[in-house]
Amino acid sequence: MNTTRARAICRAIESWFATPGVPRDFPWRTAHRDPYRSLVAEVMLQQTQASRVAERLPRFLERFPDIQTLARARETSVLAEWSGLGYYRRAKNLHAAAREVLHRFDGELPVEVKPLLSLPGVGRYTAGAIASIAHNAREPIADGNVARVLLRIEGQPMEHGAPATMAWVWDQAETLVRAAASPAVLNEGLMELGAAVCTPRNPRCAECPARSLCKARKANTQDAIPTPKRRPDRTTLHHAAVLIRDARGRTLVERRSPDAGLWAGLWQPPTLETESRPATSAQLAAAFGIPRPRRSAAFDFLTSHRTVHFTVWSSETFVESSERHFKTPAQLAHLALSTPHRRLLLNLPAR
DNA sequence: TAAGCGTGGCC
DNA sequence: TGGCCAAGCTT
């Protein structure tokens, strides 16, 4: 991409994004950008749709209004407030980052990319976003949206999310930001364009401010860019047991996962991972060290990469509900929280 | 470097 | 409806 073309693309996207009514109204798009708010928002936005973050960011900021409050909070409180957002390591890292800012940077979030990158959970994208959007620094950003937009504008049929693809995208993003009138407007405009116009499916090319510059549109290849990522189709089985006593009892069987791996450090029903489908009630009872139930109901659910097989062990009072289907661990935990005895299960959304 | 990490929305 | 995707980062 030469300088003339970069300038043209920047002009198109910046003037579009600066048009009143174009940027969607989000709680992180405040008049003047508070760096702490930007940090929390950007971490929340990692691999998470903006509409979802918009629902949760205000409450998080209400509870942790500044970096000092966040740093002094207990990690379990931060995790609880993150509950339902997924990728809980983000919450742990954000909390740790706040503490580091307090101790290493005297409570002031760094402005430059390099020190930002030294904070846990802050990678190249997040550091670039804070520097360029909160401080208008001339720093590039490249995420899924930017990648899709630039791949299509340049007509590059590269694989979605592949390292070589992102290396190419970062290079283009840097060329662009050097040509921008405002790095903040360009970068946020690139992402907004990818999220609202240059969408993964059915892109609205007729509404695109860069349509006359887009090589994919000219070749009618926009639907084939980027090429889909090849995903290995591996399935593991997770057997989970839930033992709930009657109204007199107090026990929901729950355990804390090891600190590494799936559902790291989260409270959940005890689970047993297996390679094939065995697991009779007796086997699970032995594995979990709990008594074999009189009754049980078993069912599977599928998540993105794995099949989970649940065996629900129940008392008489719970049998009524045992036919329910749970699509996610969160839903299962909802059930647990509906019982009279409860400890917070952190892998669940708030009710 | 490739694989792992949560959950919800989309068609 | 099930696979793909979402304002990525870490190991």
Side-chain angles (χ1 to χ4, degrees), chain A residues 23-24 26-29 38-57 79 82-94 96-97 116-130 132-134 140-149 159-164 166-167 169-170 173 187-196 199-202 223 226-236 238 257 259-266 268 301-308 326-334 346-350:
Chain A
R24 290 169 295 172
F26 285 130
W28 54 92
R29 288 186 175 159
S38 296
L39 171 68
V40 176
E42 293 301 342
V43 171
M44 255 187 208
L45 284 162
Q46 290 168 5
Q47 295 289 283
T48 302
Q49 292 186 338
S51 57
R52 196 104 234 294
V53 175
E55 298 167 357
R56 300 292 300 273
L57 181 66
L79 281 166
W82 203 268
S83 188
L85 281 170
Y87 282 136
Y88 296 95
R89 184 166 51 187
R90 296 182 296 172
K92 296 186 179 190
N93 283 337
L94 180 62
L116 284 169
L117 281 172
S118 74
L119 297 172
V122 177
R124 196 175 176 187
Y125 162 77
T126 303
I130 293 170
S132 70
I133 297 176
I141 57 172
D143 70 331
N145 287 314
V146 175
R148 189 171 52 255
V149 167
E159 181 186 337
H160 174 84
M166 293 313 291
V169 172
W170 274 102
N187 285 346
E188 216 172 1
L190 276 168
M191 290 191 291
E192 183 73 9
L193 189 61
T199 49
R201 286 177 306 269
N202 306 321
D223 293 327
T227 63
K229 183 167 189 62
R230 292 256 171 266
R231 293 196 185 192
D233 186 20
R234 275 205 303 269
T235 298
T236 58
H238 294 261
S257 305
D259 282 330
L262 182 67
W263 297 322
L266 302 181
Q268 59 172 102
F301 72 77
L302 241 46
T303 68
S304 50
H305 295 97
R306 56 185 58 83
T307 300
V308 179
F326 304 100
K327 292 178 65 180
T328 69
Q331 291 179 5
L332 182 68
H334 271 220
L346 288 176
N347 56 342
L348 304 203

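Every chain is numbered from 1 and lettered A, B, ... according to where its sequence line falls, protein lines coming before strand lines.
C:dA7 and B:dC11 have their P atoms separated by 15 Å, given to the nearest Å. Comparing the same atom, P, in B:dG6 and in C:dT1 gives a spacing of 27 Å after rounding to whole Å.
Between the side chains of A:Asn93 and A:Arg90, no donor-acceptor pair of N or O atoms lies under 3.5 Å.
Mapped onto DNA chain C by nearest heavy atom, A:Phe26 and A:Leu119 fall at different nucleotides, with A:Phe26 at the one closer to the 5' end.
Each of C:dA7, B:dG8, B:dG6 was ranked by its minimum atom distance to the side chain of A:Glu188; first place goes to C:dA7. Here the nucleotide nearest the side chain of A:Asn93, chosen from C:dT10, B:dG8, C:dA6, is C:dT10. Listed candidates were B:dG9, C:dT10, C:dA7. Nearest to the side chain of A:Arg89 is C:dT10.
Between A:Thr48 and C:dA7, a side-chain N or O to OP1/OP2 separation shorter than 4.0 Å is absent. Residue A:Tyr88 places at least one side-chain N or O closer than 4.0 Å to OP1 or OP2 of B:dT7. The shortest distance between the side-chain N/O atoms of A:Gln47 and the OP1/OP2 oxygens of C:dG8 is below 4.0 Å.
Residue A:Val122 is classed as a sugar-phosphate contact, given heavy-atom separations below 4.0 Å to backbone atoms only. Heavy atoms of A:Arg148 sit under 4.0 angstrom from primed sugar atoms or phosphate atoms, though from no base atom. Across all strands shown, A:Thr126 has heavy atoms under 4.0 Å from sugar-phosphate atoms exclusively, and none from any base.
Remark: of the listed residues A:Leu45, A:Val40, A:Leu39, A:Leu39 is the sole one forming a side chain to side chain contact (heavy atoms under 4.5 Å, CB included) with A:Val43.
Note that the CD1 atom of A:Ile130 and the OH atom of A:Tyr125 stand 9.0 Å from one another [nearest 0.5 Å]. The line from CG of A:Leu57 to CE of A:Met44 is 5.5 Å long, rounded to the nearest 0.5 Å.
For A:Arg56 and C:dA7, the CZ to C1' distance is 17 Å, given to the nearest whole Å.
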